[in-house]
Amino acid sequence: MDRARLRHLLARESAEAEARNPRSQTAYARADHLFGRVPMTWMNKTAGAFPRYLATARGARVTDIDGHEYVDFCLGDTGAMTGHSPAAVTAAVQHRFAELGGATAMLPTEDAEWVGAELTRRFGLTRWSFSLTATDANRWAIRLARAVTGRPKILVNSYCYHGSVDESLIVTGPDGAGTARPGNVGAPCDVTLTSRVAEFNDLDQLERELAHGDVAAVLMEPALTNIGIVLPEPGYLDGVRELTRRHGTLLINDETHTFSAGPGGCTAAWGLEPDVLTIGKAIGGGIPAGAYGLSAELADRLLGRDDLDLVDMGGVGGTLAGNALSVAAMRATLEHVLDDGAFAHMHQLAERFEAGVGAGIEKHALPWSVSRLGARTEYRFSSPAPRTGTEAAAGGDTELEDFLHLYLANRGILLTPFHNMALMCPDTTEQDVDRHIELFAAALAELAG
């Protein structure tokens with residue numbers, strides 16, 4: 001890679017982005033009352049000097065306030081895997097809020113049982129409870145795991161992603177021991193007091209950590225996603241399940257991103273048997289929603305405990321969790337949008353995307369790779385593809401990533417700003433995929449000179 005040429009191209013695309021987006025630049029400059037000038041600080045994780053500002057969104061398309069339309073492969077980093085404002089969810093939300101009235105009340109709705117039954121059908125866990133985010137679903141699942149096992153620690157994979165859960169901000173250090181993930185903001189205590197860590201795809205390290213006998217649960221994605229897609233090696237997930245059972249440790253599968261694998265996520269696609277499953281983002285069709293499911297045996301053990309305050313201030317739950325509006329959105333999403341047919345379409349498009357990107361990499365003999373998890377595809381600046389989170393983190397290249405993101409955005413394609421991830425939705429078309437493949441090939445030709 002000619003780094004001088006890369007820097008020249010990055011400067012060119014940065015200048016082009018500023019010239020094309022004066023209204024977004026102005027909106028960002030005057031956002032003096034926002035912490036970091038954005039509604040949430042992660043929105044500053046974007047290529048270029050400022051984020052583009054949203055005007056409209058529908059299906060697989062978004063427009064910004066400067067009038068540019070984009071094919072959206074970001075899709076809210078999975079939150080809009082349904083596509084933006086799907087008709088069925090829009091109708092369900094309008095019916096609940098405008099016609100029936102009430103977004104939240106201290107009363108359940110019948111939709112909740114329908115959603116619980118459908119999640120059981122898809123994922124196999126038989127008792128469900130709701131949250132507004134996957135982060136909260138994970139927080140509450142962790143509390144329940146500690147309560148039922150009497151053990152203090154949670155084990156996660158290095159460079160995993162489980163939202164802003166305190167216990168997950170641990171990585172494997174150079175000496176193989178756990179250490180705080182760089183940048184951990186205001187940790188309440190040393191993360192090694194609450195957590196253990198093992199590399200993804202490393203059963204030996206997992207067994208050594210579980211042997212301490214203090215791990216309540218292993219919280220993991222069946223495939224790492226937020227550090228780039230890291231797929232499980234043959235036998236790895238079976239080994240995790242065997243080791244957790246042998247050591248009396250619960251297994252929590254976080255399917256928030258890996259839901260892209262199919263209607264029942266990796267759990268159904270790969271025949272997994274977790275004790276708890278957490279999920280969020282996509283199941284609400286864009287409305288904040290999350291859920292966690294428990295096995296019947298685990299639910300009965302928890303509900304049979306007189307010493308656990310599960311209905312008031314015991315640390316599990318929130319007033320808005322399971323509200324009528326979010327539950328109505330979940331029902332519409334699961335019943336009418338992210339069904340078997342939608343996933344078949346999305347997977348076919350992701351395969352097309354994978355093949356096109358792979359062809360571009362091969363043409364230029366680049367030491368890159370491309371990985372796919374159902375409807376989710378990602379290209380990496382290393383080959384072979386990383387097998388652990390630490391390897392994936394080491395393979396990052398910010399300059400190269402920023403160039404590709406800006407090059408594509410300046411020509412009407414959005415990728416997830418955290419990484420080179422493209423997600424398909426029911427409204428994505430073959431033409432959308434082919435447009436990305438065409439522009440990706442053009443970007444590689446520019447880099448080659």
Side-chain angles (χ1 to χ4, degrees), residues 106 108 112 116 119 123 125-157 160-170 178 180-181 184-198 209-210 212-221 240 244-245 247-256 267 274-281 283 288-323 326:
M106 299 194 79
L119 292 172
F123 294 102
L125 286 301
T126 57
R127 301 289 186 271
W128 289 86
S129 191
F130 302 122
S131 63
L132 290 182
T133 67
T135 293
D136 273 345
N138 283 320
R139 285 190 180 116
W140 301 340
I142 284 171
R143 280 182 167 266
L144 295 176
R146 286 192 173 120
V148 80
T149 64
R151 296 177 177 182
K153 292 194 175 184
I154 303 299
L155 186 143
V156 297
N157 294 127
C160 64
Y161 181 67
H162 302 291
S164 57
V165 171
D166 288 327
E167 290 86 347
S168 69
L169 297 175
I170 184 172
R181 186 162 178 167
N184 188 358
V185 178
C189 64
D190 182 345
V191 71
T192 61
L193 295 177
T194 63
S195 306
R196 293 190 178 277
V197 63
E209 294 299 318
L210 292 181
H212 292 277
D214 56 2
V215 176
V218 170
L219 170 61
M220 67 179 296
E221 294 183 290
V240 171
T244 51
R245 283 177 172 150
H247 289 277
T249 299
L250 298 177
L251 176 61
I252 306 171
N253 277 3
D254 183 345
E255 289 268 23
T256 302
T267 297
D275 301 294
V276 184
L277 187 143
T278 60
I279 191 168
K281 293 191 180 181
I283 61 170
Y292 61 92
L294 311 172
S295 67
E297 185 271 338
L298 180 58
D300 289 344
R301 287 171 64 190
L302 287 160
L303 292 172
R305 292 271 297 272
D306 294 333
D307 61 324
L308 301 180
D309 184 355
L310 293 170
V311 298
D312 193 6
M313 293 296 293
V316 174
T319 306
L320 294 178
N323 72 76
S326 66

Which atom of A216 lies closest to which atom of I154, heavy atoms considered: CB-CD1, 4.2 Å
Value for CG (N184) from CG (D166), rounded to nearest 0.5 Å, stands at 7.0 Å
Look up atom OG in S168 and atom CG in N157, then write down how far apart they are to the nearest 0.5 Å. 11.0 Å
Look at the side chain of R245 and the backbone N and O of L251, then say whether any donor-acceptor pair between them is shorter than 3.5 Å. no
Short side-chain to backbone donor-acceptor contact, E255 and T267, under 3.5 Å: yes
Salt bridge (Lys or Arg N to Asp or Glu O under 4.0 Å) with E167: which of R143, K153, R146? R146
On a heavy-atom basis, the closest approach of T256 and G280 is OG1-N, 3.4 Å
About how many Å separate CD of E209 and NE2 of H247, when rounded to the nearest 0.5 Å? 11.0 Å
Out of D254, V240, I252, which residue meets the side chain to side chain contact (heavy atoms under 4.5 Å, CB included) rule with M220? V240
Lys/Arg N to Asp/Glu carboxylate O, D214 vs R196, below 4.0 Å: yes
Just wondering, more than 12 heavy atoms not from D306 lying within 6.0 Å of its CG? no
Least distance between heavy atoms, A291 atom then A137 atom: O-CB, 3.5 Å
Rounded to the nearest 0.5 Å, the CG atom of L250 sits from the CG atom of L219 at a distance of 11.5 Å
Compare all side-chain heavy atoms of I142 with those of V165 and state whether any distance is below 4.5 angstrom. yes
Can you tell me how far OH of Y292 sits from CG of D136, rounded to the nearest 0.5 angstrom? 10.0 Å
If I take atom CG from residue L155 and atom OG from residue S195, how far apart are they, to the nearest 0.5 angstrom? 8.5 Å
Just do the side-chain contact (heavy atoms from CB on, under 4.5 Å) check on F130 and L119 with the steps written out, would you? CA-CA 11 Å; F130 302 122; L119 292 172; 4.2 Å; yes
Taking the side chain as everything from C-beta on, heavy atoms only, tell me whether V218 gets closer than 4.5 Å to L210. yes
Going by distance alone, is a donor N or O of one side chain under 3.5 Å from an acceptor N or O of the other, for T278 and R139? no
To check you understand the geometry: which heavy-atom pair defines the closest contact between A141 and V276, and what is its length? CB-CG1, 3.9 Å
Min side-chain heavy-atom separation N253-F123 under 4.5 Å: no
Work out which heavy atom in T249 is nearest to a heavy atom in V215; give both atom names and the distance. OG1-O, 3.2 Å
Taking every heavy atom of D275 against every heavy atom of L298, the minimum-distance pair comes out as O-CD2, 3.9 Å
Start with the C-alpha distance between L144 and L310, add both sets of side-chain angles, then the distance that settles side-chain contact (heavy atoms from CB on, under 4.5 Å), and finish with yes or no. CA-CA 10 Å; L144 295 176; L310 293 170; 3.9 Å; yes
Whether D300 side chain and L302 backbone form a donor-acceptor pair below 3.5 Å: no
Could you tell me whether the side chain of N323 and the main chain of L320 form a donor-acceptor pair under 3.5 Å? yes
Test V185 against L169 for side-chain contact (heavy atoms from CB on, under 4.5 Å), laying out the working first. CA-CA 10 Å; V185 178; L169 297 175; over 6 Å; no
Take S129 and W140 through the side-chain contact (heavy atoms from CB on, under 4.5 Å) test and state the conclusion after the steps. CA-CA 10 Å; S129 191; W140 301 340; 5.9 Å; no
